[in-house]
Amino acid sequence: IDFSRRDPALPIDHLFLNIPSGYHWSSTTLENCSSLAWIVYIESGTTCYENIKNRAGYVLPVRSLKHN
């Protein structure tokens, strides 16, 4: 997240194309409540959490790189 940018609040060199507005899911659940997961509003970079049964929002496919 780059809080100095808006819509999307991502670094200038991000790799995503045509990112829809709205919130995007994280795979991280709350430590004390596994039925809630973190979300990020891509326009502003604001984070919040939502019930994992809520089927609204978006997912960005990401994959970490293994460094040898």
Side-chain angles (χ1 to χ4, degrees):
I1 298 297
D2 182 345
F3 294 108
S4 70
R5 298 180 50 83
R6 290 283 187 257
D7 206 11
L10 295 173
I12 201 159
D13 59 349
H14 71 83
L15 301 175
F16 301 106
L17 301 174
N18 302 318
I19 300 172
S21 296
Y23 65 85
H24 291 71
W25 287 95
S26 163
S27 63
T28 306
T29 56
L30 272 65
E31 186 175 327
N32 60 346
C33 187
S34 62
S35 66
L36 300 174
W38 288 101
I39 57 175
V40 62
Y41 287 90
I42 210 70
E43 298 92 349
S44 63
T46 304
T47 58
C48 193
Y49 50 85
E50 181 63 68
N51 189 302
I52 60 174
K53 292 183 180 181
N54 181 342
R55 302 217 175 185
Y58 299 95
V59 176
L60 292 175
V62 294
R63 184 176 176 184
S64 62
L65 298 175
K66 293 183 180 181
H67 297 279
N68 295 329

Which atom names give the shortest non-hydrogen contact between [X] and [Y], and what distance separates them?
X     : Y     : value
Ile52 : Ser34 : CD1-O, 3.9 Å
Cys48 : Tyr41 : CB-CE1, 4.4 Å
Ile1  : Gly45 : CG2-CA, 3.7 Å
Ser44 : Ala9  : C-CB, 3.5 Å

Tell me if a side-chain donor or acceptor on [X] pairs with a main-chain N or O of [Y] at a distance below 3.5 Å.
X     : Y     : answer
Trp25 : Arg55 : no
Glu50 : Ala37 : no
Arg5  : Leu10 : yes

How far apart are the C-alpha atoms of Asp2 and His14, what are their side-chain angles, what is the distance that settles it, and do they pass the side-chain contact (heavy atoms from CB on, under 4.5 Å) test?
-> CA-CA 10 Å; Asp2 182 345; His14 71 83; over 6 Å; no
Taking only residues two or more places apart in sequence or in another chain, which ones pass ring-ring contact (aromatic ring centres under 6.0 Å, His included) with Phe16?
-> none
Kindly work out whether a path of hydrophobic side-chain contacts (I/L/V/M/F/W/Y, heavy atoms less than 4.5 Å apart) joins Phe3 to Ile12.
->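 Different clusters.
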Are Val59 and Tyr23 connected, step by step, through hydrophobic side chains (Ile, Leu, Val, Met, Phe, Trp, Tyr) whose heavy atoms are closer than 4.5 Å?
->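 They do share one cluster, since a chain of ILVMFWY contacts under 4.5 Å joins Val59 to Tyr23.
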Do [X] and [Y] touch side chain to side chain, with heavy atoms closer than 4.5 Å?
X     : Y     : answer
Lys53 : Ser35 : no
Val40 : Thr46 : no
Thr29 : Leu36 : no

Report the distance from atom NE2 of His24 to atom CD1 of Ile42, rounding to the nearest 0.5 Å.
->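 Spacing of NE2 (His24) from CD1 (Ile42) equals 5.0 Å.
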Determine the sole option in Leu30, Ile39, Thr28 for which the side chain to side chain contact (heavy atoms under 4.5 Å, CB included) test with Tyr49 is passed.
-> Leu30
